[in-house]
Amino acid sequence: MVNVTLVTGFLLLGFFEDPSWQTLCGMLFLLLYLVALMSNLLTITVLSLDQKLQAPMYFFLKNLSLLDISLVSIPIPKFIINSLLHDNSISIPGCAFQLLLMTSFSAGEIFILTAMSYDRYVAICCPLIYEAIVNSEACVLMAGVSWALGLLFGAVYTAGTFSGPFCGSSVISEFFCNVPSLLKISCSDTLLVIYPSLGIGVCLSLSCFICIVFSYIHILSTVLRIPSLKSQSKAFATCLPHLVVFSIFMLSAFTVYLRLPSDAPSVTDRLLSVTYTMLPPILNPVIYTLRNRDMKQGLRRLLPALPACQASTA
């Protein structure tokens, strides 16, 4: 009988082995994390305090910012601490919890982006019945279903990945726990439990992608019939960045969760992992907030109100 050493903890390989480079990498990720955190918190604050920004699209944008904060706050603080303390260890429960939350928030973000595209489709293509279709009850329902489905998918995905013990090497060749690295060190021979969750993930992601593309094709076809070139350019400037960011997020997420296990991930794999975790939380506030005229006006209204609030409470 072959002796098998069961794994009781993992080591996150990260990017560098040299302590000096680890510290530098940790400081860089700390800077990026603060940018993502503060920009999304600013978006949530403006949308929560400004009564003029209560339309359905801003309700979904608030949910998107919450998901961005949640997604980036799962792996990045752990990686920053590990880099600064030069300790790359993570427990099995901690790894499972990290995988659960990351897959849940990632799936939830895809569903929210799909809901946002549907909201824009109804607003532009069916403006006369927009308020009847996308009312407050429908918005709450779509957001609640997005969060619930994301959590359900994360639970199924994590349960499938951790359905068996781990043996052999304890090194995860990433800076966070991802499925390909975990499957590589799994003792299970069949891994049949993970296949249904993988299939569900692929089907849901492709369905959302098709819905978003379908929505924006109809939006763009409607916009092209508008005689005003200014309105057309505004619509194009809004739609195209959304599709680009969504495509980048989908591509990097597929690479992180669905690629075949390998002995050593390439530089491209690691860059896509960074793209998946850091780029959407940083770019989404820029696309949906800083380039939005109503949001910029709301920010201008909020900034003068803050000293007045402080003076009244003093």
Side-chain angles (χ1 to χ4, degrees), residues 26-81 98 100-117 119-120 139-140 142-144 146-147 150-151 154 175-176 208 212 237-238 241-250 252-253 256 273-303 305-306 309:
M27 297 300 295
L28 176 61
F29 271 72
L30 176 61
L31 177 61
L32 293 175
Y33 174 68
L34 290 177
V35 170
L37 186 66
M38 296 306 297
S39 58
N40 282 282
L41 284 176
L42 179 62
T43 299
I44 294 174
T45 301
V46 173
L47 293 176
S48 300
L49 297 181
D50 197 321
Q51 296 300 317
K52 295 183 179 180
L53 299 175
Q54 303 302 316
M57 65 174 294
Y58 298 120
F59 173 78
F60 291 125
L61 179 57
K62 188 190 300 185
N63 279 269
L64 181 65
S65 294
L66 286 172
L67 285 166
D68 279 337
I69 291 175
S70 302
L71 179 62
V72 78
S73 295
I74 300 305
I76 302 304
K78 174 64 176 175
F79 173 72
I80 293 171
I81 293 173
Q98 189 180 80
L100 168 65
L101 294 182
M102 288 192 67
T103 51
S104 298
F105 295 140
S106 298
E109 183 155 333
I110 293 174
F111 296 138
I112 285 293
L113 287 171
T114 306
M116 292 176 69
S117 68
D119 169 72
R120 292 298 84 202
C139 291
V140 172
M142 285 189 284
S146 299
W147 284 84
L151 183 59
F175 67 94
F176 63 94
C208 291
I212 289 178
T238 302
H242 180 199
L243 290 176
V244 170
V245 172
F246 179 78
S247 300
I248 293 174
F249 180 76
M250 290 289 292
S252 56
V256 169
S273 297
V274 176
T275 300
Y276 158 71
T277 53
M278 296 299 300
L279 194 61
I282 292 176
L283 285 186
N284 284 337
V286 175
I287 290 176
Y288 296 109
T289 302
L290 299 181
R291 299 180 70 255
N292 185 292
R293 183 183 62 183
D294 294 335
M295 287 293 300
K296 288 190 288 187
Q297 292 177 351
L299 182 60
R300 294 191 189 99
R301 290 191 294 266
L302 175 64
L303 292 178
L306 292 179
C309 294

Identify the residue among Ile44, Leu42, Leu49 that makes a side-chain contact (heavy atoms from CB on, under 4.5 Å) with Val46.
-> Leu42

Reported CD-to-OG distance for the pair Gln54 and Ser48, which is rounded to 0.5 angstrom = 7.5 Å

Can you list the steps and then say if Thr277 with Met102 is a side-chain contact (heavy atoms from CB on, under 4.5 Å)?
-> CA-CA 9 Å; Thr277 53; Met102 288 192 67; 3.8 Å; yes

For Thr43, which residues count as a side chain to side chain donor-acceptor pair (under 3.5 Å) partner, sequence neighbours excluded?
-> Thr289

Main-chain N/O of Ala36 paired to Asp68 side chain as donor or acceptor, under 3.5 Å = no

Show your reasoning for whether side-chain contact (heavy atoms from CB on, under 4.5 Å) applies to Gln98 and Phe176.
-> CA-CA 8 Å; Gln98 189 180 80; Phe176 63 94; 3.4 Å; yes

Give the intermediate values and the outcome of side-chain contact (heavy atoms from CB on, under 4.5 Å) for residues Ile112 and Met116.
-> CA-CA 6 Å; Ile112 285 293; Met116 292 176 69; 4.1 Å; yes

Not counting sequence neighbours, which residues clear side chain to side chain donor-acceptor pair (under 3.5 Å) with Ser70? List them please.
-> none

Pairing residues for Phe29 by the ring pair (Phe, Tyr, Trp, His ring centres under 6.0 Å) criterion, not counting sequence neighbours = Phe15, Phe79, Phe175

Does the Ser117 side chain pair with the main chain of Thr114, one donor and one acceptor, at a distance under 3.5 Å?
-> yes

Gap separating the CG atom of Leu113 from the CG atom of Asn284, nearest 0.5 angstrom | 6.5 Å

Nearest-0.5 Å distance, CH2 of residue Trp147 to CD of residue Glu109 = 9.5 Å

Heavy-atom pair with the smallest gap, counting every atom of Ile80 and Leu30 | CD1-CA, 3.4 Å

